[in-house]
Amino acid sequence: MESDTLSTTFAALADPTRRAILARLADGPATVKELSAPFPISGPAISRHLRVLAHAGLIARSRDAQSRPCTLEAAPLEAVAEWAGTYRRFWDASFDRLDLYLENLKKKKKEKKRGQTKYRK
Amino acid sequence: MAKPNTESKAGLSTFTTPSDREIAMTRLVDAPRTVVWDMWTKPEHLPHWMTGPEGWTMPVCEIDLRPGGKWRFVWRKGNDTEMEMSGVYREIVPPERLVNTEKWGEDWPETINTLVLTEAEGKTTMTSTMLYPSKEARDKALGTGMKEGSSQSFDRLDAYLRTIARR
């Protein structure tokens with residue numbers, strides 16, 4: 001289930017116009033008109049891009065017929081950042097294990113010393 | 001070259017990009033440098049910690065610790081997933097500096113990894129810096145790079161994704 005959502009998100013992100021739209025929305029909500037302004041492509045083409053983004057849950061569209069502002073939805077992007085973080089997750093997990101391993105080695109050393117003290121008595 | 005992060009706290013990994021070809025990680029551990037050096041260079045220790053998330057083991061850990069010597073690690077998950085990395089040691093200065101190449105299959109770029117260990121009050125700061133052959137290769141490892149041309153708006157989205165990842 002998780003990987004399906006990720007694929008939908010990546011497919012939505014795999015277009016420079018859609019990424020540019022998201023980047024603009026990162027600055028704040030915008031109307032469809034405002035979003036179309038920078039691009040030399042047709043109205044229907046922009047609408048198609050917005051539908052893809054809305055389907056991926058990356059933007060929310062208000063039902064206000066007059067202004068219809070779109071807003072950025074962060075949750076799918078967080079999933080992308082999460083996936084992109086596998087690299088750092090490997091190291092975070094490994095270093096956590098290193099901490100535990102070092103602690104265990106210290107404990108074993110202390111127990112060994114205590115054992116030796118017992119014997120000397 | 002990344003400087004040791006003197007502000008690092010135990011248990012917290014810091015990730016930085018000191019240049020557009022590098023990824024650096026810093027972490028503080030509660031052990032002297034000589035012990036930490038052994039953790040990174042001895043097959044009797046490495047498989048106990050350098051295994052990433054739950055479910056992975058390191059069935060192969062071969063280390064020939066001398067300049068020009070080879071190293072090879074194989075990680076395994078379950079019965080069907082394996083990952084191998086290997087490389088050559090370049091500089092070995094115990095207990096403070098280790099430089100080696102690292103390769104992960106033919107499709108991935110070879111990196112030059114530098115590990116620096118500094119000690120204060122019995123605790124060691126580990127700084128590991130990976131140098132990639134290009135920005136694209138480095139970005140691919142981070143997962144933030146995409147193969148399109150770099151328009152301004154794409155760069156802004158890229159920066160936004162990195163901001164989320166840093167939390």
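Residue numbers begin at 1 in each chain, while the letters A, B, ... track the order of the sequences. Reckoned from all heavy atoms, side chains included, excluding hydrogens, waters and symmetry mates.
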message: Is it the case that atom NZ in B:Lys123 sees more than 12 heavy atoms from other parts of the structure closer than 6.0 Å?
response: no
Under 3.5 Å, which donor-acceptor pairs do the side chains of residues 38-57 of chain A form with other protein atoms, sequence neighbours left out?
residue	atom	partner	partner atom	Å
A:Ser42	OG	A:Ala45	N	3.3
A:Ser47	OG	A:Gly43	O	3.2
A:His49	ND1	A:Arg18	NH1	3.1

- prompt: So, does B:Ser19 use its side chain to make a donor-acceptor pair with the main chain of B:Arg21 at under 3.5 Å?
  reply: yes
task: Could you identify which residues cluster with B:Val93, counting Ile, Leu, Val, Met, Phe, Trp and Tyr as linked when any side-chain heavy atoms lie under 4.5 Å apart, either directly or through a chain of such contacts?
output: none
- request: Please tell me if the side chains of A:Glu103 and A:Lys107 come closer than 4.5 Å, counting only heavy atoms from C-beta onward.
  value: yes
field: Pair B:Glu82 + B:Arg76, salt bridge at N-O below 4.0 Å
entry: yes
- request: Taking the side chain as every heavy atom from C-beta outward, state whether B:Thr125 and B:Thr26 have any pair of such atoms under 4.5 Å apart.
  value: yes
message: For A:Leu102, which atoms come within 4.5 Å of any heavy atom of chain B: side chain, backbone, both, or neither?
response: side chain
- request: Could you tell me which portion of A:Leu105 (side chain, backbone, both or neither) has an atom closer than 4.5 angstrom to a non-hydrogen atom of chain B?
  value: side chain
message: Give the interface residues of residues 45-63 of chain B toward chain A, defined by a heavy-atom separation under 4.5 Å.
response: B:His45, B:His48, B:Trp49, B:Met50, B:Thr51, B:Gly52, B:Pro53, B:Glu54
message: Heavy-atom cut-off 4.5 Å, strictly under: side chain, backbone, both or neither for A:Asp96 against chain B?
response: both
query: For the residue pair B:Ile92 and B:Pro67, what are the closest heavy atoms and their distance?
result: CD1-N, 3.6 Å
Structural part of A:Phe95 lying under 4.5 Å from a heavy atom of chain B: both
- prompt: Which of residues 33-40 of chain B get closer than 4.5 angstrom to chain A, counting heavy atoms alone?
  reply: B:Val35, B:Met39, B:Trp40
message: Tell me if a side-chain donor or acceptor on B:Arg138 pairs with a main-chain N or O of B:Glu22 at a distance below 3.5 Å.
response: yes
- prompt: Do other residues, nucleotides or ligands put more than 12 heavy atoms under 6.0 Å from A:Lys106 NZ?
  reply: yes
Closest approach of A:Val32 to A:Cys70 (non-hydrogen atoms, all atoms of both residues): CG2-SG, 4.2 Å
